[in-house]
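Values reported hereafter were calculated over all heavy atoms of this structure, with side chains retained and with hydrogens, waters and symmetry mates removed. All ligand and atom numbering here is 1-based and tracks the order in the structure.
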Amino acid sequence: MAPENPSGGGSIKSVLHETRVFPPPADFAKDAGIKSLDEYQALWDRAKDDPEAFWAEQAASLDWFQTWDRVLDWNPPFAQWFVGGKLNASYNCVDRHCKGPDRNKAALIFEGEPGDRRVLRYQDLLREVSKFANVLKGLGVKKGDVVALYLPMIPELVIAALACARIGAPHTVVFGGFSAEALSGRIQDCKAKVLVTADGGWRRGKVVPLKVNADGAAALCPTLKSVVVYKRTGHDVDWTPGRDHWWHELEANVSADCPAEPLDSEHPLFILYTSGSTGKPKGILHTTGGYLLQASLSTKWVFDLKPDDTYWCTADVGWVTGHSYLTYGPLAQGATCVMYEGAPNWPDEARFWKIIEDYRVSILYTAPTAIRAFMKWGEQHPKKHDLSSLRLLGSVGEPINPEAWMWYHEVIGGGRCPIVDTWWQTETGAIMISPLPGATPTIPGSATRPLPGIIPAIVTKDGVPVGENEGGFLVITRPWPSMLRTIFGDDERYKAQYWSDVPGNYFTGDGARRDEHGNYWILGRVDDVLNVAGHRLSTMEIESALVSHAAVAEAAVVGKPDEIKGQGISCFVTLESHHAPSEKLRQELRAHVAKEIGALARPDEIHFTESLPKTRSGKIMRRLLRDVAAGVESTGDTSTLEDVGVLALLRRGGQQEE
Ligand code: WTA
């Protein structure tokens, strides 16, 4: 992909300088798996010097039916890891914990939005996964057949995914908030024969009509033979006899014994669709051995997982975070995971904090977009609950603004919990850059250091490394086990998208800088970079400056064509509840950014708005805002947009001023 970057080969100017540093708390480091920066560095150096020996050593932490002959076959840009080895992801996540006392340990603690609760121990998971694997077999699903999962955030989503993995049927999870069109596009692309869905799920007290959407999608998908429907909400649904089957009816007649199939290390585990800024969604293909190894290992390292932790990753399994850090990583580690079905503000804005108090959650992993919403709702909500069980906090999905980081640290973490700001992508499969909480000093806004085995670089568009503290393109210089193997059905697009910009390197599409201490600062997607009068500015840094003003809840910054400067700076801003839009505030914000960053970053326009257009995983869709700012129609895929109404509102001029 040639980044649609306005300026030529130069570097990105980085203007945000953060000096607050938080060393790992001594009592945390004392008990941590990796206890010091020296220990981390030794591991990282060892991995750099002899990557194959390092990865082979680590891979011994999984259960293999047969060990590999070769650690890596690298035929750039196509990698195969642990060639000749055989294993099963479902076996590693379930069966192996059922051989000892952990069989009685809680694997999933589920809370539905209406307040219903279920706990599945590892041996319950084994029974349910085995039964559903037999259900799939009964529907004619064979090794290699793709199964689509379109479910609410209920245990059956994890069960179905693991059942697929058990029999070697790659799954494709489609987020339950997607429309019938988005679902059918994905089913058609991967030619799924079976779709697993539910009658509905709960979201803000209302039924999400999954079965209606599934019917709409199925009508457009000739390859689809069967639809399995889990009864969740219990409302009436349309039924197509012969095609549709109730989950509970199929399951009533199957055995609870289904041995896990020994699969090649490179057997496809799942396809997950992710949208690019242009073109149709890309089916990111992950395979078994390498993916599972890194998902599992990074969970252990980054979350410093202990046997008695209660771990809560708030991501939906429809996103990669829910795959790697709610399903495969923590379950491979034998962790106890909390899973919540619904919205964070139902029945009120304290729901998350109540869940943490009720289950004594010790590790919380969530996204900056959620943290900013919590800030906006106010600290009176977390203050109502006992959050003293928390010992570690995580963030993923976007750069976290230092302001949000500090709030997370102080209000949620009580000033005592390290924060791991984890940088990675659907394509990378697992966390790539992150603090290790017992070893790495953290700094608000920095993802800090690459994990052992990961060798990133920051380069210009021509592949030349940039200097210290200079921004550039973030690339990964060597293959890693959990890397995507290709874009499903489109090797050419895989090569063009990820391996052509900086030959020999994986191109992440993100900008970054590295400071004098070796810490990485992610500057956001490079196609979001501005070029103002010859200066390339990171939108993220201007956004952070805006958010640091007391009146601002959230900000999105985009470039707007400007005859003189090349690009002008256009800002979309939502306000904290007790502030109202006004011309006075607008001028104040412009001055504030100029003061924080410098006059060259002074916004040309500030639009006040009630909300920002976001993907369903919470990322601001800046390309749509660019179109609004430029006054042109939006083209390209909007299927990932959470609320289409937001766009219409913005085009009408956003929020009224006083
Ligand atoms: C962004 C989510 C800054 C980044 C796991 C990346 C981040 C894209 C961070 C991948 C972070 C993710 N700091 N930016 N800690 N984590 N990103 O595929 O732009 O949904 O390329 O994977 O999110 O998004 P994806």
Show which side-chain atoms of residues 443-458 pair as donor or acceptor with protein atoms under 3.5 Å away, not counting sequence neighbours.
| from | atom 1 | to | atom 2 | distance (Å) |
| --- | --- | --- | --- | --- |
| S446 | OG | T448 | N | 2.9 |
| S446 | OG | Y520 | O | 2.6 |
| R449 | NH2 | H517 | O | 3.2 |

Exercise. Do any heavy atoms of W424 fall under 4.0 Å from ligand 1?
Worked result: yes
Seminar exercise, completed: Hits for side chain to side chain contact (heavy atoms under 4.5 Å, CB included) against E181, two or more places apart or cross-chain, chain-then-number order -> S179
Exercise. Regarding N505 and T477, is there a side-chain donor-to-acceptor distance under 3.5 Å anywhere?
Worked result: no
Exercise. Tell me, which protein residue and heavy-atom name are nearest atom 20 (O) of ligand 1, and how many Å apart are they?
Worked result: K619 NZ, 3.5 Å
Exercise. Taking both backbone and side-chain atoms of T508, is any N or O found less than 3.5 Å from an N or O belonging to ligand 1?
Worked result: no
Problem set entry | Option of least heavy-atom distance to atom 15 (N) of ligand 1 (set: D421, I284, V320) | D421
Exercise. Can E554 and T574 be counted as having a side-chain donor-acceptor contact under 3.5 angstrom?
Worked result: no
For this session: Provide the number and element of each atom of ligand 1 under 4.0 Å from a heavy atom of T422.
Result: 9 (C), 11 (C), 15 (N), 16 (N)
For this session: Please write down residue, atom name and distance for the protein heavy atom closest to atom 4 (C) of ligand 1.
Result: D510 OD2, 2.9 Å
Exercise. Is the number of heavy atoms from other residues, nucleotides or ligands within 6.0 Å of NZ (K300) greater than 12?
Worked result: no
Exercise. Under 4.0 Å from ligand 1, counting heavy atoms only, is it the side chain of E398, its backbone, both or neither?
Worked result: backbone
Exercise. Between N401 and R372, do the side chains contain an N or O donor and an N or O acceptor separated by less than 3.5 Å?
Worked result: yes
Problem set entry | Modelled atom types, side-chain donor and acceptor of E266 and T287, under 3.5 Å | yes
For this session: Measure the distances from the heavy atoms of G397 to every atom of ligand 1 and state whether one is below 4.0 angstrom.
Result: yes
For this session: May I ask you to check if ligand 1 and P399 share an N or O to N or O distance below 3.5 Å?
Result: yes
Exercise. Should one rank T426, V396, L474 by closest heavy-atom distance to atom 18 (O) of ligand 1, which comes out on top?
Worked result: T426
For this session: Decide whether S324 and Y291 meet the rule of one side-chain donor and one side-chain acceptor closer than 3.5 Å.
Result: yes
Problem set entry | M540 to ligand 1, any heavy atom closer than 4.0 Å | no
Exercise. With only distance considered, is R525 within less than 3.5 Å of ligand 1 through an N or O on each side?
Worked result: yes
